[in-house]
Structure formats: C-alpha cells, structure tokens
*Asks:* 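Here it is, the structure, as structure tokens.
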Amino acid sequence: DGVNNVGSNRLSSIRAAVQTRRGALIAIGVGNAIDRNQLLSIATPPPGSLRPPSDFVLIAPSFNEINTIINQLISTVCLSLPTNPCGASC
C-alpha cells in the first residue's frame, strides 16, 4: 500500500540486518495513494551498489495488477545479486 507498516524503529533494524547480510530492500507501493518519499526511505541498494534507491522502488497500479511489475521485480533482484547470474540482459 506504499506506507510503512512496521514503524520507523523496526524499519531501521530491518535495514541494518539486511545490509549486514549484504542484501537489498525493495519497496513496493500499490495504488495511487502511495507515499513515494516513504518508499524511497525504505528502498535500500545492496552495500557497494552504485544504483540509487529509486531503482529499488516499484509501483503497481493496484493489488489486482501487481503482476504488471513482476518483470521489473525479477530484473531488480537479479541485478542486485553479486554474481548477477542473469547477465547484463536481465
């Protein structure tokens, strides 16, 4: 829904745990009432990534249309992996 549902303190600890494991957080907003700034504050590229947080924000028009971002989600995840198994065409 594009709004933090876990609270800012918990989000900070989640972000720290993900970064410790060299992971990324992808923020997904659904609908037109999203808070893009909040999604940007959630989105976290993996450590060492040159990609901006905005690359880790995906927006679906509605829950019924969440499938419209699947390819973008796959690409974002694939390109975030250190070994990039999909290659440049992912």
Side-chain angles (χ1 to χ4, degrees):
D1 60 6
V3 179
N4 176 2
N5 295 310
V6 298
S8 59
N9 289 339
R10 181 158 161 102
L11 178 60
S12 294
S13 65
I14 291 169
R15 185 181 297 118
V18 167
Q19 288 182 320
T20 298
R21 292 173 179 83
R22 303 196 49 78
L25 285 177
I26 299 171
I28 299 174
V30 179
N32 59 4
I34 60 167
D35 182 341
R36 186 158 180 80
N37 288 329
Q38 191 166 70
L39 291 173
L40 284 168
S41 74
I42 294 169
T44 308
S49 174
L50 299 177
R51 296 172 65 198
S54 59
D55 284 358
F56 294 82
V57 173
L58 307 178
I59 299 171
S62 70
F63 283 104
N64 289 334
E65 299 172 275
I66 198 105
N67 62 326
T68 63
I69 64 167
I70 295 298
N71 287 337
Q72 187 180 4
L73 178 61
I74 291 169
S75 178
T76 300
V77 170
C78 180
L79 293 174
S80 297
L81 296 172
T83 57
N84 187 6
C86 299
S89 64
C90 181

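Atom set for the values below is all heavy atoms of this structure, side chains included, hydrogens, waters and symmetry mates excluded.
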*Asks:* For a quick test of reading the model, state the closest non-hydrogen atom pair linking Leu40 to Ser54 and the distance between them.
*Replies:*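 Looks like CD2-CA, 3.6 Å.
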
*Asks:* Which heavy atom in Pro53 sits nearest to a heavy atom in Ala43, and how many Å separate them?
*Replies:*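 Nearest pair, atom of Pro53 first, then Ala43: O-CB, 3.4 Å.
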
*Asks:* What pair of heavy atoms forms the shortest contact from Arg51 to Thr76, and how long is it?
*Replies:*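 In this case the closest contact between Arg51 and Thr76 is NH1-O, 3.8 Å.
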
*Asks:* When you compare the side chains of Gln72 and Ser75, does any donor N or O come within less than 3.5 Å of an acceptor on the partner?
*Replies:*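 Absent: no donor and acceptor within the cut-off.
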
*Asks:* Which atom pair, heavy atoms only, marks the closest approach of Leu73 to Ile26?
*Replies:*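 Where Leu73 meets Ile26 most closely, the heavy atoms are CD1-CD1, 4.0 Å.
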
*Asks:* For Asn67, does the CG atom sit with more than 12 other heavy atoms under 6.0 Å from it, leaving out its own atoms?
*Replies:*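 Counting neighbours around CG of Asn67, more than 12 heavy atoms of other residues, nucleotides or ligands fall under 6.0 Å, so yes.
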
*Asks:* Between Val30 and Glu65, does a side chain to side chain contact (heavy atoms under 4.5 Å, CB included) hold up when you go through it step by step?
*Replies:* CA-CA 9 Å; Val30 179; Glu65 299 172 275; over 6 Å; no

*Asks:* Are any side-chain N or O atoms of Thr44 and backbone N or O atoms of Ile42, one a donor and one an acceptor, separated by less than 3.5 Å?
*Replies:*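 Yes.
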
*Asks:* Please report the closest heavy-atom contact between Pro45 and Ala24, naming both atoms and the distance.
*Replies:*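 Closest heavy-atom pair between Pro45 and Ala24: C-CB, 4.1 Å.
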
*Asks:* What is the distance from atom CD1 of Ile66 to atom CD1 of Ile59, rounded to the nearest 0.5 Å?
*Replies:*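 Interatomic distance, Ile66 CD1 to Ile59 CD1, rounded to 0.5 Å: 11.0 Å.
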
*Asks:* Please report the interatomic distance CD1(Ile34) to CG(Leu39), rounded to the nearest 0.5 Å.
*Replies:*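 CG of Leu39 is found 5.5 Å from CD1 of Ile34.
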
